There are 2 protein chains.
Amino acid sequence: MTAGSVSTPAKGRQRVNRGSEAIRSRLVESALSEFAARGFGGASTRSIASRAQAHQPQINYHFESKDELWRACLELLLAELDAAITERTQNVDSDDQMGTFEAIIRGLVTFASRRPELNRIMMHEGTEPSERLSWLVTTHLQWRFDDLRIRWEELTATATVAPLRGELLYHVLLGAACLLYANAPEASLLGLQPNDDSAVAAHADSLVAMFLGTSGP
Amino acid sequence: MTAGSVSTPAKGRQRVNRGSEAIRSRLVESALSEFAARGFGGASTRSIASRAQAHQPQINYHFESKDELWRACLELLLAELDAAITERTQNVDSDDQMGTFEAIIRGLVTFASRRPELNRIMMHEGTEPSERLSWLVTTHLQWRFDDLRIRWEELTATATVAPLRGELLYHVLLGAACLLYANAPEASLLGLQPNDDSAVAAHADSLVAMFLGTSGP
DNA sequence: GTCTATAATTAGATAGAC
DNA sequence: GTCTATCTAATTATAGAC
């Protein structure tokens, strides 16, 4: 445990106290790892709590339910994804649509490699309708899908890129960029080292070439 | 245990009797659907049996365990995949490496679209090491991975195709070809109709163009 | 806020009548 | 082969002492 987290009561006015945030953060980090590995139904709150060095009822104290804990995981991961993308696009002239799209592709690959949990969870959840999936799509995914599609269609109209419909771009790109890392345990058994730095860079280069047609330098 | 081992002995010589095969087949079909939707840990044998109009203990009678039922599902699905690919490659001159690879891509997309369960199960299982995953990789996946990689590297040496390392081909192609269908429930919520015939054909055309560089006819 | 105990439900697997 | 009943273990959530 971190300093001062144990038994002092909350005295914050608008904020929960620091101890609360520390345990909440540990629980979220542990939970996203378990949800990513086993899916929502396969993950157990006991195992999540144990990995966070906490007791199982603390999950229901700090979060309303297993469902709410899952939502907290996704909001953290999506915020990290946005940060990773923005970090790359902000260095590109926003009028440069091609350069911006290239930055997005490179950001996606890099993020998928070092934080595979987001894509793992999305692949688990996408296989069956559920309240969780509806919440995820309407709250967080739909606008990202629309944004990427519009960027792609604008690019298609003004430059020579891969011949791919706007509706297909999202899943084709995400699948090509993320499956290797989402299924890294499988890739390892196949003899690969998917997170090797030079392999990640080569992967991103290939996708930039295949989607944006920049095969030569 | 194998067939006929439990109480009443099988009277078939080389084959189990017909009734057995009918219920086994219903259980496998039901199980692969549940494993695909919820993952191994999320699927329940009661629900699988109920969908097959059977009782839960019949799973342990006809299969050794939930694990063995899962293996039976994967052997069925992989046999169907092989049939779908062979159906397309057998009409191509086997010396035509480019044409053969194109047939493989089209076969993968078509199969992923009409039988998404195989890719769903593989995406679920690939996120965490397990005995199931090790069995799947060593028994069924490794040789497919090697075969595809060798075909790709031969193609790379003799023709102009996408600039993509052999180690990356498998996951990049499968991700680009299968994620849309594996995550069809998510795609539907995003407003897509991934299994629309013309969309599947356009998807396959795009992948052929992006990987094999056949953008013009 | 933490932690023990436990409630209420569900899991996979088995025993034994038929 | 089928089906009821049941065993053992694991699940999420809650109650209440501290």
Side-chain angles (χ1 to χ4, degrees), chain A residues 1-12 15-28 30-31 34-35 37-73 130-132, chain B residues 1-12 15-28 30-31 34-35 37-73 130-132:
Chain A
M1 317 226 179
T2 32
S5 70
V6 184
S7 59
T8 338
K11 65 162 182 246
R15 285 176 82 62
V16 193
N17 73 35
R18 287 300 165 78
S20 255
E21 293 192 5
I23 180 67
R24 274 183 64 103
S25 163
R26 289 210 312 281
L27 286 170
V28 166
S30 166
E34 294 261 329
F35 289 140
R38 302 177 196 180
F40 183 84
S44 97
T45 55
R46 273 188 162 75
S47 170
I48 291 167
S50 151
R51 188 195 295 231
Q53 291 174 291
H55 292 91
Q56 181 256 344
Q58 289 180 267
I59 287 177
N60 293 86
Y61 177 79
H62 289 283
F63 301 87
E64 181 177 304
S65 63
K66 188 184 179 184
D67 262 88
E68 281 305 312
L69 174 59
W70 181 89
R71 282 173 164 78
C73 292
S130 70
E131 288 245 328
R132 291 188 306 280
Chain B
M1 332 186 168
T2 34
S5 66
V6 185
S7 56
T8 325
K11 68 163 185 247
R15 285 175 82 63
V16 193
N17 73 38
R18 286 299 165 78
S20 257
E21 292 194 4
I23 181 66
R24 272 183 66 103
S25 164
R26 288 209 313 280
L27 285 170
V28 166
S30 166
E34 294 261 328
F35 288 140
R38 304 178 194 178
F40 183 84
S44 98
T45 55
R46 278 187 160 78
S47 169
I48 291 167
S50 150
R51 189 195 293 231
Q53 291 174 292
H55 292 90
Q56 181 256 344
Q58 289 180 267
I59 287 177
N60 292 86
Y61 177 79
H62 289 282
F63 301 87
E64 180 179 303
S65 62
K66 189 184 179 185
D67 263 89
E68 281 305 312
L69 174 58
W70 181 90
R71 282 173 163 79
C73 291
S130 69
E131 289 247 326
R132 292 188 306 282

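Given the structure is predicted, the values throughout are model-derived calculations rather than measurements.
- What separates CZ of Phe63(A) from P of dT14(D) is a distance of 15 Å, to the nearest Å.
- The side chain of Gln58(B) contributes an N or O atom lying less than 4.0 Å from OP1 or OP2 of dC3(D).
- Here Ala43(A) lies in heavy-atom contact (under 4.0 Å) with sugar-phosphate atoms only.
- The two atoms that bring Gln56(B) and Arg46(B) nearest to each other are CG-CG, 3.6 Å, heavy atoms only.
- The CZ-P distance, from Phe40(A) to dT12(D), rounds to 8 Å in whole Å.
- Considering only the side chain of Asn60(A), dT14(D) comes nearest among dT14(D), dT2(C), dC3(D).
- Atom CD of Gln56(A) and atom P of dA5(C) are 14 Å apart (whole Å).
- Residue His62(A) has a polar side-chain atom (N or O) positioned under 4.0 Å from OP1 or OP2 of dT2(C).
- Considering only side-chain N and O atoms, Thr45(B) lies nowhere under 4.0 angstrom from the phosphate OP1 or OP2 of dA13(C).
- The nearest pair of heavy atoms linking Glu34(A) to Ser47(A) is OE2-OG, 2.8 Å.
- For the pair Tyr61(A) OH and dA13(D) P, the computed distance is 17 Å after rounding to whole Å.
- Rounding to whole angstrom units, CG of residue Leu27(A) and C1' of dT2(C) are separated by 12 Å.
- Taking only side-chain atoms of Pro57(A), from C-beta outward, the nucleotide of dA13(D), dT4(C), dA5(D) with the closest atom is dT4(C).
- One interatomic measurement links the two molecules: CD1 of Ile48(B) to P of dT10(C), which rounds to 17 Å at whole-angstrom precision.
- Relative orientation of the Phe35(B) and Phe40(B) rings is parallel, given thresholds of 30° and 60° on the angle between their planes.
- For Gln58(B) against Leu27(B), the heavy-atom pair with the smallest separation is O-CD1, 4.2 Å.
- The distance from atom CD1 of Ile59(A) to atom P of dA13(D) is 9 Å, rounded to the nearest whole Å.
- Candidate nucleotides dT4(D), dA13(C), dT12(D) were compared by shortest atom distance to the side chain of Lys66(A), and dT12(D) ranks first.
- Shown here for Thr45(B) and Ile59(B), the closest heavy-atom pair between the two residues is O-CD1, 3.3 Å.
- Rounded to an integer number of Å, the gap from Arg46(A) CZ to dT14(D) C1' is 12 Å.
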